[in-house]
Amino acid sequence: MRDGTRATAWEDAKDMTRYGIVGCGMMGQEHIRNIALLAQAKVSAFVEPDAEMAARTQALVPEASSCADLAALVSRNDVDALVIASPNHLHVTHLHDVASARPVPVLVEKPLFTRREDEATMQRLARDYPAPIWVAMEYRYMPPIARFREMAEEATGGIRMLTIREHRFPFLHKVGGWNRFNRKTGGTMVEKCCHFFDLMRLILRDEPVRVMASAGQAVNHLDERQDGEVPDIWDHGYVIVDFARGARAMLELCMFAEGSDYQEELSAVGPDGKIQAFVPGPTRFWNFDLGPQPVPHLIVSPRHPTGPRRVDIPVDPQLLEAGDHNGATYYQHRRFLDTVRTGKRPEVTLEDGAMAVRVGLAAQESAVSGQAVTL
């Protein structure tokens, strides 16, 4: 690429893999900070229409070029891979535009899409796109959750019940308040909870067949106005998901519970015992007047002989500083970079991303209708 001609990421991988970032709000900047921790990667260019966010991004990566639009970014000779971290409702359009212009490897943020009408586009991309597309499901790569997944089958003797609880802070402010409305996010069960439906499939190694939900907006954003509109995004709910081989999973979400010591709690139970994971929230939100932030850990509780055992899983403080996902964004980027450089199949495929959205949309529908939704 030194002569200005275009080359693929694989051809140039012996030097440095260069990223273009599409959307540099809160999550885009987290991706940038974690790419900076990789020895063989750097951000070379970005596109961000909001002036304040663009200025913050330029401060993070002073040598990167700011592009006027996606077309200008994709056409550059110094972009080998893309991270798409634009608002949810733009993901499909941006993937389509990249596919039409120059299909390079892509890490696209969740949710993959927000409407059922978008599935046909995703199916075409899955069939025709010649480079890897990885859907960013960071929760898979949180160290305590990754260890939970590794240990769950043996600890339980085969999971029959899986529970995921997230008690956390409200939706943060995003540029233009796009995350305050169902029409731009897909709804809370898509925007926030696709992570958890992905985890359910991954942990149970099975496919969902029926979804039942009760959810709504009780506390958050009711006193806000965006262009005269009251936000309609939900802030709490329960979702039960039945799986094909008989396991049951439940999600409990509360987004007005930031006083909790642990943000995520997972529990899996089977005939031999139980295993739990406890994951604190973002370091920047912890009240250090109370002392150090809690340490992520597992508790393994066999039935015979009884007696819980605790396994601490501390996370590198540098990774905690780089983002809000307990080090997961860094570990995800390590794996994505390997995929970019080798061309192998992504660990989180378009079908994985699509299935997580399908369950989320079914949960939205069930909560509105009061009826179970069959997938």
Peer 1: Holding to side-chain hydrogen bond (donor to acceptor under 3.5 Å, both in side chains), I want the full list of residues that pass it with His94, two or more places apart in sequence or in another chain.
Peer 2: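 With sequence neighbours excluded, His94 shows a side-chain hydrogen bond (donor to acceptor under 3.5 Å, both in side chains) to Ser86, given in chain and number order.
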
Peer 1: Which distance, rounded to the nearest 0.5 Å, do you find between the CH2 of Trp178 and the CG of Leu90?
Peer 2: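 Output value for this atom pair is 8.5 Å.
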
Peer 1: Mind running salt bridge (Lys or Arg N to Asp or Glu O under 4.0 Å) on Lys42 and Asp78 for me, showing each step along the way?
Peer 2: CA-CA 10 Å; Lys42 69 176 182 179; Asp78 60 351; over 6 Å; no

Peer 1: Please identify each residue that fulfils side-chain hydrogen bond (donor to acceptor under 3.5 Å, both in side chains) with Thr163, with sequence neighbours left out.
Peer 2: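 Partners of Thr163 by the side-chain hydrogen bond (donor to acceptor under 3.5 Å, both in side chains) criterion come out as none, since no residue qualifies.
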
Peer 1: Looking at CD1 of Ile35 and CZ of Arg18, how far apart are the two atoms once the value is rounded to the nearest 0.5 Å?
Peer 2: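 Taking CD1 in Ile35 and CZ in Arg18, the distance rounds to 13.5 Å.
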
Peer 1: Under 3.5 Å, is there a donor on one side chain and an acceptor on the other for Arg341 and Thr17?
Peer 2: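 Side chains of Arg341 and Thr17: pair found under 3.5 Å.
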
Peer 1: Where the side chain of Asp235 meets the backbone of Val219, is there a donor-acceptor pair that is under 3.5 Å apart?
Peer 2: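 Such a contact is found between Asp235 side chain and Val219 backbone.
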
Peer 1: Do other residues, nucleotides or ligands put more than 12 heavy atoms under 6.0 Å from the CD atom of Glu117?
Peer 2: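 Buried by this count: over 12 neighbours within 6.0 Å.
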
Peer 1: For Arg102 and Ser75, test the side chains for any donor-to-acceptor distance below 3.5 angstrom and give the result as yes or no.
Peer 2: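 No, no side-chain donor-acceptor pair sits under 3.5 Å.
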
Peer 1: Strictly distance-based, threshold 3.5 Å: is any side-chain N or O of Thr114 a donor or acceptor partner for the main-chain N or O of Gly186?
Peer 2: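 Side chain of Thr114 to backbone of Gly186: no pair is present.
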
Peer 1: With a 3.5 Å cut-off and no angle check, do the side chains of Glu30 and His325 form a donor-acceptor pair?
Peer 2: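 Checked: Glu30/His325 side chains pair up, N/O donor to acceptor below 3.5 Å.
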
Peer 1: Just to verify, what does Arg245 make a side-chain hydrogen bond (donor to acceptor under 3.5 Å, both in side chains) with, not counting sequence neighbours?
Peer 2: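 Per chain and number, Arg245 pairs via side-chain hydrogen bond (donor to acceptor under 3.5 Å, both in side chains) with no residue.
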
Peer 1: Should Leu266 and Val315 be counted in the same cluster of Ile, Leu, Val, Met, Phe, Trp and Tyr side chains packed under 4.5 Å apart?
Peer 2: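 No, Leu266 does not connect to Val315 through the hydrophobic network.
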
Peer 1: Considering all heavy atoms of both residues, which atom of Leu350 and which atom of Leu112 are nearest to each other, and what is their separation?
Peer 2: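 Heavy-atom minimum between the residues: O-CD2, 3.4 Å.
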
Peer 1: Taking atom NE2 as the centre, does His89 end up with more than 12 heavy-atom neighbours from other residues, nucleotides or ligands that are less than 6.0 angstrom away?
Peer 2: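 More than 12 heavy atoms, drawn from other residues, nucleotides or ligands, come within 6.0 Å of this atom.
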
Peer 1: List the atom of Cys24, the atom of Gln29, and the distance in Å for their closest heavy-atom pair.
Peer 2: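 Result for this residue pair: O-NE2, 2.9 Å.
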
Peer 1: Does Trp134 use its side chain to pair, donor to acceptor, with the backbone of Val340 at less than 3.5 Å?
Peer 2: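 Not a single qualifying donor-acceptor pair exists.
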
Peer 1: Which residues pass the salt bridge (Lys or Arg N to Asp or Glu O under 4.0 Å) test with Glu153, sequence neighbours left out?
Peer 2: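 Here no residue qualifies.
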
Peer 1: Checking Ile313 against His297 for the side-chain contact (heavy atoms from CB on, under 4.5 Å) test, could you report, in this order, the C-alpha distance in whole Å, the side-chain angles of both residues, the deciding distance, and whether it holds?
Peer 2: CA-CA 5 Å; Ile313 307 175; His297 65 276; 5.7 Å; no

Peer 1: Considering residues at least two apart in sequence or located in another chain, which fulfil the salt bridge (Lys or Arg N to Asp or Glu O under 4.0 Å) criterion with Arg358?
Peer 2: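 With neighbours one apart ignored, the set is Glu119, Glu351.
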
Peer 1: Output side-chain donor-acceptor pairs under 3.5 Å for residues 236-243, partner residues at least two apart or in another chain, one line each.
Peer 2:
residue	atom	partner	partner atom	Å
His236	ND1	Gly216	O	3.0
Asp242	OD2	Arg210	NE	3.1
Asp242	OD2	Arg210	NH2	2.6

Peer 1: Sub-3.5 Å donor-acceptor pair from the side chain of Gln58 to the main-chain atoms of Val61, do we have one?
Peer 2: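 Flag set: sc Gln58 to bb Val61 pair under 3.5 Å.
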
Peer 1: Which residues pass the salt bridge (Lys or Arg N to Asp or Glu O under 4.0 Å) test with Arg149, not counting sequence neighbours?
Peer 2: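 Partners of Arg149 under the salt bridge (Lys or Arg N to Asp or Glu O under 4.0 Å) test: none.
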
Peer 1: Answer yes when Asp338 and Lys344 have at least one side-chain N-carboxylate O distance shorter than 4.0 Å, and no when they do not.
Peer 2: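 Here Asp338 pairs with Lys344 in a salt bridge, since their nearest N and O are under 4.0 Å apart.
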
Peer 1: Please go through Ile299's hydrophobic cluster and name the other residues, only I, L, V, M, F, W, Y counting, with side-chain heavy atoms under 4.5 Å joining them.
Peer 2: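 Via sub-4.5 Å side-chain contacts, Ile299 links to Tyr262, Phe278.
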
Peer 1: Quick one: which residue pairs count as a salt bridge (charged side-chain N to carboxylate O under 4.0 Å, His left out) with a foot in residues 313-337, not counting sequence neighbours?
Peer 2: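 Pairs touching residues 313-337 that pass the test: Arg284-Asp324, Arg335-Glu347.
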
Peer 1: About how many Å separate CG of Asp80 and OG of Ser44, when rounded to the nearest 0.5 Å?
Peer 2: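 Atom-to-atom, Ser44:OG and Asp80:CG are 7.0 Å apart.
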
Peer 1: When you compare the side chains of Thr121 and Asp118, does any donor N or O come within less than 3.5 Å of an acceptor on the partner?
Peer 2: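 Short answer, no.
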
Peer 1: I need the Ile233 CD1 to His221 NE2 distance, nearest 0.5 Å.
Peer 2: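 Rounded to the nearest 0.5 Å, the CD1-NE2 separation comes to 7.5 Å.
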
Peer 1: Distance-only, no hydrogens or angles: does the Glu264 side chain make a donor-acceptor pair with backbone N or O of Glu166 under 3.5 Å?
Peer 2: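 A pair under 3.5 Å: no.
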
Peer 1: Could you pull out the closest heavy-atom pair between Ala215 and Met189, with the gap in Å?
Peer 2: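 That closest heavy-atom pairing would be CB-CE, 3.6 Å.
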
Peer 1: Does atom CZ (Arg309) have a neighbourhood of more than 12 heavy atoms from anything else shown, all under 6.0 Å?
Peer 2: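 No, because the 6.0 Å sphere around CZ of Arg309 holds 12 heavy atoms or fewer from other groups.
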
Peer 1: Look at the side chain of Gln217 and the backbone N and O of Asn220, then say whether any donor-acceptor pair between them is shorter than 3.5 Å.
Peer 2: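 The answer is yes, because a donor-acceptor pair under 3.5 Å joins these two groups.
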
Peer 1: Quick check: is Val135 connected to Val104 through a chain of hydrophobic side chains (ILVMFWY, heavy atoms under 4.5 Å apart)?
Peer 2: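 Yes; tracing contacts between hydrophobic side chains, which count when under 4.5 Å, links both residues.
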
Peer 1: Sort out for me which residue in Arg180, Lys184, Lys110 forms a salt bridge (Lys or Arg N to Asp or Glu O under 4.0 Å) with Glu191.
Peer 2: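 With Glu191 as partner, Arg180, Lys184, Lys110 yield a single salt bridge (Lys or Arg N to Asp or Glu O under 4.0 Å), made by Lys110.
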
Peer 1: Would you please test Ser100 and Asp97 for side chain to side chain donor-acceptor pair (under 3.5 Å) and show each step?
Peer 2: CA-CA 5 Å; Ser100 301; Asp97 291 349; 5.4 Å; no

Peer 1: More than 12 heavy atoms of other residues, nucleotides or ligands under 6.0 Å from CZ of Arg183: is that the case?
Peer 2: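 Yes, because the 6.0 Å sphere around CZ of Arg183 holds more than 12 heavy atoms from other groups.
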
Peer 1: What is the distance from atom CG of Asp272 to atom CD1 of Ile159, rounded to the nearest 0.5 Å?
Peer 2: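 One finds 12.0 Å between CG of Asp272 and CD1 of Ile159.
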
Peer 1: Taking everything shown except Arg201 itself, do over 12 heavy atoms lie less than 6.0 Å from its CZ?
Peer 2: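 Correct, the count exceeds 12.
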
Peer 1: Please tabulate, for the side chains in residues 169-176, all donor-acceptor contacts under 3.5 angstrom to protein atoms that are two or more places apart in sequence or on a different chain.
Peer 2:
none

Peer 1: Find the distance between CG (Leu298) and CD (Glu150) and round it off to the nearest 0.5 Å.
Peer 2: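 The CD atom of Glu150 is 9.5 Å from CG of Leu298, to the nearest 0.5 Å.
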
Peer 1: Could you tell me which non-hydrogen atom of Val357 sits nearest to which non-hydrogen atom of Pro111, and how far apart they are?
Peer 2: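 For Val357 versus Pro111, the nearest heavy atoms are CG2-CB, 3.9 Å.
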
Peer 1: Answer yes or no: is there a donor N or O on one side and an acceptor on the other, between the side chain of Thr188 and the main chain of Trp234, under 3.5 Å?
Peer 2: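 A pair under 3.5 Å: yes.
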
Peer 1: Within a strict 4.5 Å, meaning less than it, do heavy atoms of the Val230 and Arg225 side chains meet?
Peer 2: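 A side-chain contact under 4.5 Å exists here.
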
Peer 1: Listing request: all ring-ring contact (aromatic ring centres under 6.0 Å, His included) pairs with a residue in residues 355-375, at least two apart in sequence or in separate chains.
Peer 2: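 Every candidate ring-ring contact (aromatic ring centres under 6.0 Å, His included) pair involving residues 355-375 fails, so no pair, neighbours aside, qualifies.
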
Peer 1: For the side chain of Ser260 and the backbone of Ala257, is there at least one donor-acceptor N/O pair under 3.5 Å apart?
Peer 2: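 The answer is yes, because a donor-acceptor pair under 3.5 Å joins these two groups.
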
Peer 1: For side-chain contact (heavy atoms from CB on, under 4.5 Å), just list the numbers for Ile84 and His91, CA-CA rounded to whole Å, side-chain angles, deciding distance to a tenth of an Å, and then say yes or no.
Peer 2: CA-CA 7 Å; Ile84 296 177; His91 292 172; 4.1 Å; yes

Peer 1: Once side-chain hydrogen bond (donor to acceptor under 3.5 Å, both in side chains) is applied, do any residues pair with Asp223, and if so which ones, sequence neighbours excluded?
Peer 2: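 Per chain and number, Asp223 pairs via side-chain hydrogen bond (donor to acceptor under 3.5 Å, both in side chains) with no residue.
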
Peer 1: Is the CZ atom of Arg303 crowded by more than 12 outside heavy atoms at less than 6.0 Å?
Peer 2: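 Check fails, neighbour count at 12 or below.
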
Peer 1: Taking all non-hydrogen atoms of both residues into account, name the closest pair between Val190 and Gly360 and its distance.
Peer 2: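 Minimum heavy-atom separation between Val190 and Gly360: CG2-C, 3.6 Å.
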
Peer 1: Looking just at side-chain N and O atoms, do His167 and Glu252 make a donor-acceptor pair shorter than 3.5 Å?
Peer 2: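 Distance-only check passes for His167 and Glu252.
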
Peer 1: Pick out which of Tyr331, Phe196, Phe148 makes a ring pair (Phe, Tyr, Trp, His ring centres under 6.0 Å) with Tyr139.
Peer 2: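 Output: one option passes, namely Phe196.
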
